[in-house]
Protein chains: 2
Amino acid sequence: MDTLCRSTQAPFEYALSIVNGKWKLKIIYELACTNTLRYGELKRNISKITHKMLTAGLKELENDGMIVRKEFCQIPPKVEYSLSKKGMSFVPILESLCDWGKSQQIIENGDTNA
Amino acid sequence: MDTLCRSTQAPFEYALSIVNGKWKLKIIYELACTNTLRYGELKRNISKITHKMLTAGLKELENDGMIVRKEFCQIPPKVEYSLSKKGMSFVPILESLCDWGKSQQIIENGDTNA
DNA sequence: CCGTATCCAAATCGATACTG
DNA sequence: CAGTATCGATTTGGATACGG
């Protein structure tokens, strides 16, 4: 097993810089599930997240080009968030993460480590 | 794009509970690259990590069954870490993360978000 | 060499109030 | 409704000392 090596380190760090954080993956996951969500919907969907954390997370992901923020100029305000192209290209990784989680949850008993 | 849905949420949270953390993925990555590493080698390889963070991260990953800790009873002590079966099953995800990072780094210019 | 414990600084978080 | 600002409280993190 040596498909990972020093040459993959920079891309790896780059990916982590975007995705590593307490709420980042959850936000992306949520948008991947539902395509488009308003701020309040995200807030309600992501259990335990606070206002502050969500706004911070959304801003960072937007700055990193992962999500698109669409603001409707109206009163009361309305803002919709969705994944960008870049964000969508990340979805397969979320899927493998889910698959992995599922398979490991199933094992979780007769597990003999290597 | 609706391959992710409510039914994948539990596995997703499970995966995050193991892998979400400032250093977890880097530790796993490092072990995936080199198979077996002593504590001191890990410490040297992972840039910026401190003693405290590394020991904490290793312990959690060990508790979650991702890595195997092999202690040699000798003076001076020697401890080797490596990925468990479970940890190894996670490596493909690291690879896709690297691939994704690489492709996005390449784009990073003529990028028109969706 | 590896790991634990401790102390203190710094970053993060949660609740809340306020603006457009 | 969406977002910013602020202020304690809690958590995390770094440096260091010590023990097996």
Just N and O in the side chain of [X]: are any of them under 4.0 Å from OP1 or OP2 of [N]?
X: A:R38; N: D:dC1; answer: no
X: B:R69; N: C:dG3; answer: yes
X: B:Y39; N: C:dT4; answer: no
X: B:Y81; N: C:dC1; answer: no

So, applying side-chain hydrogen bond (donor to acceptor under 3.5 Å, both in side chains) with B:Y39, which one of B:R44, B:R69, B:H51, B:E80 is it?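 When side-chain hydrogen bond (donor to acceptor under 3.5 Å, both in side chains) is applied between B:Y39 and each of B:R44, B:R69, B:H51, B:E80, only B:H51 qualifies.
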
Interatomic distance, [X] [atom1] vs [N] [atom2] [rounded to whole Å]:
X: B:K24; N: D:dT12; atom1: NZ; atom2: P; result: 11 Å
X: A:E80; N: D:dG3; atom1: CD; atom2: C1'; result: 17 Å
X: A:E71; N: D:dA2; atom1: CD; atom2: P; result: 11 Å
X: A:F72; N: D:dC1; atom1: CZ; atom2: C1'; result: 13 Å
X: A:M53; N: D:dG3; atom1: CE; atom2: C1'; result: 14 Å
X: B:E60; N: D:dT12; atom1: CD; atom2: C1'; result: 12 Å
X: A:L54; N: D:dC1; atom1: CG; atom2: P; result: 14 Å
X: B:I49; N: D:dG13; atom1: CD1; atom2: P; result: 10 Å

Taking donor-acceptor contacts at under 3.5 Å, does the side chain of B:H51 reach the base of C:dG3?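 Present.
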
Atom NZ of A:K78 with >12 non-hydrogen neighbours under 6.0 angstrom: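 More than 12 heavy atoms, drawn from other residues, nucleotides or ligands, come within 6.0 Å of this atom.
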
A:P77 has a side chain; which of D:dA2, D:dA15, C:dG3 sits nearest to it?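 Ranking D:dA2, D:dA15, C:dG3 by closest atom to the A:P77 side chain puts D:dA2 first.
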
Looking at C:dG14, C:dT4, C:dG3, which one has an atom nearest to any side-chain atom of B:V79?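 Among C:dG14, C:dT4, C:dG3, the one nearest the side chain of B:V79 is C:dG3.
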
Between the side chains of A:Y14 and B:E108, is a donor N or O closer than 3.5 angstrom to an acceptor N or O?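 Short answer, yes.
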
Would you please say whether a donor-acceptor pair under 3.5 Å links the side chains of A:Y29 and B:T8?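 Looking only at side-chain atoms, B:T8 and A:Y29 do form a donor-acceptor pair, the distance falling under 3.5 Å.
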
B:K48 or A:K59: which one's nearest nucleotide on DNA chain D is closer to the 5' end?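 Counting from the 5' end, the first nearest nucleotide belongs to A:K59.
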
Position toward the 5' end of DNA chain C (nearest nucleotide), A:P76 or A:K52: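 Final value for this comparison: A:K52.
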
Validation row: A:C98, B:L4 side chains within 4.5 angstrom (heavy atoms):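 Side-chain contact under 4.5 Å: yes.
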
